[in-house]
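Predicted model only: the values in this text are computed from it and were never measured. By convention here, the first residue in the shown sequence is residue 1.
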Amino acid sequence: MSNSYHPGLENVIASETGISYLDVEKEEIVVRGYDLIELAQHVTYLDVAALLLEGVLPDDHVRSSFEEKIKDEYGLPPNVCSVLRLLPEQANLMDVLRTGISALASYDTELEDRSKEANTRKAIRLLAKVPQIVANGYQAKTKQTFVEPRRELSYSANFLYMITGQVPTKMEEDIFDQSLIVYSEHEMPNSTFAARVIASTQSDLYGALTGAVASLKGTLHGGANEAVMEMLLEAGSEGNLETLMLSKLARKERIMGFGHRVYMKKADPRALLMKDALAALALEKNQPELYTMCVVGEEVMKREKNLHPNLDYYAAPVYYLLGIPIELFTPVFLAARTIGVSSHVMEQHANNRLFRPRVLYTGPRNLHP
């Protein structure tokens with residue numbers, strides 16, 4: 001057995017996959033053979049969801065059928081809604097989401113069926129219901145009336161509507177849809193790896209997704225988008241932002257939204273897409289200063305630390321301008337990633353080997369009672 005140790009499993013190949021790959025040198029996120037950024041520019045989130053599940057982009061007929069299957073699964077069991085209402089007001093919304101998904105599992109009659117066909121149907125149910133858990137979880141916490149899904153809206157428009165209570169404009173719908181695409185799949189981040197580890201025990205899709213939620217709750221994985229927005233609001237202006245960032249750097253504080261375990265030397269292409277989306281949305285909302293402030297922050301980090309922004313840096317102000325509450329930024333991320341995680345769980349079930357790594361032992365030996 002090799003004693004080679006890689007902290008954080010950095011650069012360790014953990015799985016073979018046909019789902020996605022981060023080609024850092026070419027600055028490309030490959031999803032089922034396609035460039036994720038090109039997908040975000042030319043197709044919808046549901047197209048990408050179908051691609052992730054089935055391996056091919058849907059034609060118009062398949063896309064329509066896929067969307068109808070999702071809409072047929074809209075709505076939560078009343079008892080799941082009751083569970084959301086029973087959680088305390090101080091509950092973290094990622095904990096609310098984790099609890100909602102776990103409760104939902106009990107109502108799936110195919111829960112223990114690991115076949116590709118059954119897992120596909122479960123993934124479709126989760127696509128339909130996780131956005132509602134996100135929205136209703138927030139409404140439960142804030143003592144608001146639940147906003148029910150509207151079948152006549154597109155998938156992304158409905159998701160945004162359930163959060164804000166307002167039917168989005170075409171621009172808002174398109175930008176939100178793009179954001180869901182770029183969050184949908186990203187090879188093997190911690191949450192996806194956690195889900196695959198759980199799935200390797202032959203646990204069910206809901207259990208694996210619940211584990212992914214717990215992973216994404218951690219501040220070193222999810223939560224960066226929320227921290228970015230809090231920093232922007234604290235600063236309030238371009239000049240104040242530079243001063244705030246420099247003071248944080250002087251105190252050796254980590255500034256969220258910059259740097260990435262994989263994108264160390266080149267920019268996250270998803271961030272560049274959301275940067276363009278922010279420019280358009282800020283102009284439409286008559287808040288151009290939010291965009292210019294973000295550009296200043298990007299320049300500061302490039303100059304001081306040679307770090308590039310990641311997706312969360314520009315997605316945060318986009319979500320803010322779309323009217324999404326800050327504490328929902330990470331739950332929305334998870335909802336978008338649900339289809340990516342589901343695809344990885346299905347792939348793990350189809351070609352499984354139980355994850356069982358070894359350790360490099362550093363403790364004492366030869367002790368006696």
Side-chain angles (χ1 to χ4, degrees), residues 45-46 49 52-53 66-67 69-88 91-141 144-151 155 158-159 161-163 180 183-184 191-192 194-196 198-199 201-217 222 328 330-346 348-349:
Y45 176 74
L46 288 190
L52 284 165
L53 277 181
F66 185 62
E67 186 169 11
K69 287 177 182 177
I70 292 171
K71 290 182 176 181
D72 286 344
E73 296 290 349
Y74 277 174
L76 297 176
N79 285 345
V80 173
C81 294
S82 298
V83 167
L84 298 178
R85 287 286 192 199
L86 288 170
L87 296 174
N92 183 293
L93 284 174
M94 288 298 281
D95 293 334
V96 173
L97 177 57
R98 182 181 64 197
T99 301
I101 293 171
S102 186
L104 188 63
S106 301
Y107 293 88
D108 198 314
T109 59
E110 295 185 290
L111 183 64
E112 304 300 339
D113 189 339
R114 310 288 187 270
S115 68
K116 181 181 187 298
E117 294 75 17
N119 273 340
T120 298
R121 291 190 290 270
K122 282 179 276 187
I124 287 171
R125 291 178 197 126
L126 285 164
L127 273 172
K129 298 177 190 302
V130 169
Q132 192 172 353
I133 294 175
V134 169
N136 289 175
Y138 176 77
Q139 289 142 10
K141 179 177 179 177
Q144 299 180 56
T145 301
F146 286 175
V147 178
E148 299 298 322
R150 287 176 53 171
R151 192 180 180 109
Y155 180 86
N158 176 67
F159 190 177
Y161 163 74
M162 287 193 296
I163 292 172
L180 296 181
Y183 269 126
S184 67
S191 52
T192 300
R196 290 195 76 133
I198 294 169
T201 71
Q202 288 295 294
S203 187
D204 63 89
L205 176 54
Y206 288 84
L209 184 60
T210 301
V213 178
S215 168
L216 195 61
K217 179 189 175 184
L328 275 183
T330 306
V332 168
F333 174 174
L334 186 280
R337 185 62 58 81
T338 292
I339 190 60
V341 170
S342 296
S343 300
H344 278 274
V345 169
M346 292 169 64
Q348 188 68 42
H349 281 165

Closest non-hydrogen atom pair, L126 against S342 = CD1-OG, 4.4 Å
Output for pair (S102 OG, L97 CG), nearest 0.5 Å, gives 11.0 Å
Hits for salt bridge (charged side-chain N to carboxylate O under 4.0 Å, His left out) against K116, two or more places apart or cross-chain, chain-then-number order -> E54
Check D72 against R151 and note the closest heavy-atom contact, atom names and distance.
-> OD1-NH2, 2.6 Å
Mind checking ring pair (Phe, Tyr, Trp, His ring centres under 6.0 Å) for Y138 and listing every partner two or more places apart, or none if nothing turns up?
-> none
If you round to the nearest 0.5 Å, how far is CE of M162 from CG of N136?
-> 7.0 Å
If you round to the nearest 0.5 Å, how far is CD1 of I70 from CG of N158?
-> 11.0 Å
Any chance you could measure T99, atom OG1, to L84, atom CG, to the nearest 0.5 Å?
-> 8.5 Å
Contacts of S203 that satisfy side chain to side chain contact (heavy atoms under 4.5 Å, CB included) - sequence neighbours left out = I198, T201
Could you check if a side-chain atom of Y74 sits within less than 4.5 angstrom of a side-chain atom of Y155, using non-hydrogen atoms only?
-> yes
Salt bridge (Lys or Arg N to Asp or Glu O under 4.0 Å) between R98 and D95: does it pass, once the steps are laid out?
-> CA-CA 5 Å; R98 182 181 64 197; D95 293 334; 3.2 Å; yes
Might you work through the salt bridge (Lys or Arg N to Asp or Glu O under 4.0 Å) test for R125 and D108, ending with a clear yes or no?
-> CA-CA 9 Å; R125 291 178 197 126; D108 198 314; 2.9 Å; yes
Inter-residue atom distance L53.CG - R121.CZ, 0.5 Å rounding | 12.5 Å
K69 atom NZ, neighbour heavy-atom count above 12 within 6.0 Å = no
